[in-house]
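Reading through the structure tokens given below for one structure.
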Amino acid sequence: MTWDILNIIGTMAFAISGAIVALEEEYDLFGVYLLGFVTAFGGGIIRNVLLGLPISDIWNQNMLFTVAFITMTLLFFIPFHWILGFKRLWGVFFDAIGLASFAVQGALFAVMAGYPLSAIIVAGALTGTGGGVVRDMLAGRKPLVLHQEIYAMWAVLGAMTIGFGIADSMWQFILLIVGIVALRMLSVIYQWSLPTRLDWFIQLRKLKR
Amino acid sequence: MTWDILNIIGTMAFAISGAIVALEEEYDLFGVYLLGFVTAFGGGIIRNVLLGLPISDIWNQNMLFTVAFITMTLLFFIPFHWILGFKRLWGVFFDAIGLASFAVQGALFAVMAGYPLSAIIVAGALTGTGGGVVRDMLAGRKPLVLHQEIYAMWAVLGAMTIGFGIADSMWQFILLIVGIVALRMLSVIYQWSLPTRLDWFIQLRKLKR
Amino acid sequence: MTWDILNIIGTMAFAISGAIVALEEEYDLFGVYLLGFVTAFGGGIIRNVLLGLPISDIWNQNMLFTVAFITMTLLFFIPFHWILGFKRLWGVFFDAIGLASFAVQGALFAVMAGYPLSAIIVAGALTGTGGGVVRDMLAGRKPLVLHQEIYAMWAVLGAMTIGFGIADSMWQFILLIVGIVALRMLSVIYQWSLPTRLDWFIQLRKLKR
């Protein structure tokens with residue numbers, strides 16, 4: 001039941017993010033649905049393919065497909081400035097819920113299938129962020145996940161918490177999701193970013209002068 | 001037998017479209033073969049992976065591989081203006097046959113494997129258009145299918161016709177393929193396109209003045 | 001044992017090449033690890049997915065994961081001009097070892113699974129070059145393999161040698177790998193490239209004047 005609610009929130013947030021990218025790229029109605037579905041379900045599909053989990057599970061999520069479809073259809077018809085407003089404020093929050101709950105569930109899938117830690121981390125990261133990566137590639141963009149405030153690392157952290165057996169009951173999973181959402185929101189608010197060699201290159205240049 | 005002929009036409013058309021994109025991007029001979037094979041067989045491979053159908057079926061299409069190989073080798077040596085002429089006139093027509101027959105067959109694969117409607121639609125759309133999407137991504141382009149005259153929607157329509165059980169015998173499949181080819185050709189001739197929010201944004205701007 | 005050493009060299013070279021692309025694109029630390037892992041293990045994953053080989057094998061390479069992780073962590077902290085120096089000189093050589101040994105092993109996987117020649121060639125080419133293609137697409141670049149000195153063709157050649165049964169014992173595989181490495185190095189040194197239609201277009205233009 002809790003998973004169902006989290007899945008609905010995550011699916012809606014991811015479908016909206018895909019649809020908005022399609023609108024920004026001036027794709028047509030088909031592109032809106034395609035990028036929305038890819039963002040919402042792409043991560044799970046890639047995870048099942050890469051872990052060798054049964055793919056047919058993906059196709060038995062009629063409720064979530066319907067949720068995504070209705071969300072995107074509504075989005076296509078609502079006034080433009082609502083989208084912009086949503087994207088800035090609530091979009092980031094709902095997306096964080098999607099990221100956290102998909103990452104935790106993805107990691108749990110790999111645990112239940114008896115995979116080693118490496119696969120658990122990949123499963124968590126891919127389920128949380130894989131859909132967004134495919135969305136960006138279909139839009140001809142560099143994956144957002146690789147050059148914005150810390151994003152995928154929280155999915156990895158969540159997956160590691162599960163992989164090391166630190167969280168293994170429902171209330172701990174909820175706590176973990178709340179923690180990931182909080183860390184993601186703080187990353188956006190305070191523009192946390194991982195170290196890049198860019199800062200380092202600039203340092204180097206200064207020293208040379 | 002009918003499927004064989006349709007498959008040969010579709011494979012040739014898709015191989016040519018991939019090879020032309022490779023030539024336009026100044027890729028070498030290897031790139032020509034790669035993009036040609038990807039366009040012709042990529043859709044079917046992605047479909048089998050995503051639906052969990054046996055992949056080994058893909059590798060037992062020696063006749064079609066040979067057809068694609070010979071087509072591309074010839075293409076690499078014929079005069080340039082023939083290619084341009086082909087692309088404008090017959091290219092669109094043969095490509096439409098490929099789109100239609102691959103979409104219908106892809107949907108039938110999903111039906112025979114007992115999948116629900118969502119998977120049937122995805123199977124039809126992917127088999128028809130997936131190869132072209134991978135082709136465009138390997139060429140560093142935005143997928144053509146998302147911003148040209150109506151294309152993928154006809155594959156979806158064909159898959160839905162099969163998914164809802166409206167067409168279920170060979171002559172009905174042929175009729176469906178003829179219908180999709182006709183709709184695709186009309187889309188190109190009359191430049192039919194799906195609604196985009198772009199029109200809507202312009203409307204909005206006018207109202208504000 | 002020999003395979004282990006070749007795999008370690010190849011994994012390190014591919015992880016470094018992915019990490020360098022991530023640094024060039026100003027991706028953060030997560031991007032460095034992601035592109036490094038994708039380049040080193042992406043080819044093998046794609047091969048197993050496309051050939052229907054068991055995916056779980058991929059996740060039991062803890063030693064190679066550790067090698068890649070340590071290599072990339074070191075790379076992130078070493079002085080920049082070391083990287084540039086490495087890339088020009090040793091990078092090409094180690095990458096050639098990765099290309100050759102991964103291509104030969106990929107082709108052997110397909111042979112042992114009883115696949116036909118078409119699949120053996122695809123398995124060899126994908127294992128050798130697939131990781132690099134995904135790396136370039138994640139970096140928003142056109143795949144390097146399609147427009148540099150001859151690269152993938154040597155993987156194809158290696159796979160064909162195995163597919164036709166010309167090499168079928170360990171010392172022959174080693175000889176084949178040495179041969180591919182030599183051919184790849186010669187391609188870089190003498191800037192060998194496959195024919196493109198570009199030369200042909202220029203010829204055509206000259207004739208017209």
Side-chain angles (χ1 to χ4, degrees), chain A residues 18-38 40-42 44-50 52-66 68-69 72-73 75-84 133-142, chain B residues 45-55 110 113-123 125-126 129-130 132-134 136-157 163 187 192-205 207-208:
Chain A
I20 287 175
V21 169
L23 290 173
E24 286 173 353
E25 297 291 330
E26 298 181 11
Y27 287 165
D28 61 22
L29 188 57
F30 178 81
V32 168
Y33 286 127
L34 179 70
L35 261 69
F37 277 119
V38 157
F41 301 101
I45 292 174
I46 299 174
R47 176 202 61 214
N48 281 23
V49 169
L50 293 195
L53 299 172
I55 302 288
S56 47
D57 292 358
I58 298 287
W59 306 109
N60 293 316
Q61 303 174 297
N62 267 325
M63 195 258 285
L64 291 179
F65 287 140
T66 312
F69 187 81
M72 289 184 283
T73 308
L75 185 77
F76 198 76
F77 291 105
I78 64 166
F80 182 56
H81 61 272
W82 289 18
I83 298 177
L84 280 188
V133 170
V134 179
R135 172 200 65 204
D136 290 339
M137 287 171 74
L138 284 176
R141 301 179 173 188
K142 286 190 195 175
Chain B
I45 292 174
I46 299 175
R47 176 202 61 212
N48 280 23
V49 169
L50 293 196
L51 293 191
L53 299 172
I55 302 289
Y115 276 101
L117 185 63
S118 57
I120 294 169
I121 292 173
V122 170
L126 271 179
T129 70
V133 170
V134 180
D136 290 339
M137 288 171 73
L138 284 176
R141 302 179 173 188
K142 285 191 195 176
L144 195 65
V145 62
L146 293 176
H147 56 92
Q148 65 172 6
E149 309 87 12
I150 305 178
Y151 188 93
M153 204 46 114
W154 301 132
V156 170
L157 201 79
S187 308
W192 289 350
S193 59
L194 289 172
T196 63
R197 280 295 290 254
L198 188 62
D199 334 333
W200 200 89
F201 291 162
I202 294 162
Q203 288 294 329
L204 192 77
R205 249 175 247 155
L207 281 174
K208 275 183 180 166

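Computed from a prediction, not measured in an experiment: that's the story for all the values here. Scope of the values below: all heavy atoms of this structure, side chains included, with no hydrogens, waters or symmetry mates. In what follows, chains carry the letters A, B, and so on, assigned in the order in which the sequence lines appear, proteins first and then strands, with residues in each chain numbered from 1.
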Interface moiety of A:L34 toward chain B, non-hydrogen atoms closer than 4.5 Å
side chain

Chain B contact via A:F30 - side chain, backbone, both or neither, heavy atoms under 4.5 Å:
both

What part of A:I45 lies closer than 4.5 angstrom to a heavy atom of chain B: side chain, backbone, both or neither?
side chain

Nearest heavy-atom neighbours spanning A:I55 and B:V49:
CG1-O, 3.7 Å

What part of A:L35 gets within 4.5 angstrom of chain B, counting heavy atoms only: side chain, backbone, both, or neither?
side chain

Taking the side chain as everything from C-beta on, heavy atoms only, tell me whether B:V122 gets closer than 4.5 Å to A:W59.
yes

Portion of B:S118 that has a non-hydrogen atom of chain A nearer than 4.5 angstrom:
both

If you measure from CD1 on B:I150 to CG on A:D28, what distance do you get to the nearest 0.5 Å?
8.0 Å

Leading residue by heavy atom contact count with chain A [cutoff under 4.5 Å; candidates B:A113, B:G52, B:A119]:
B:A119

Tell me, side chain or backbone of A:N60 under 4.5 Å from chain B's heavy atoms, or both, or neither?
side chain

Using non-hydrogen atoms and a 4.5 Å limit, figure out which bit of A:A139 sits close to chain B: side chain, backbone, both or neither.
backbone

From CG (B:L51) to CD1 (A:I58), nearest 0.5 Å
11.0 Å

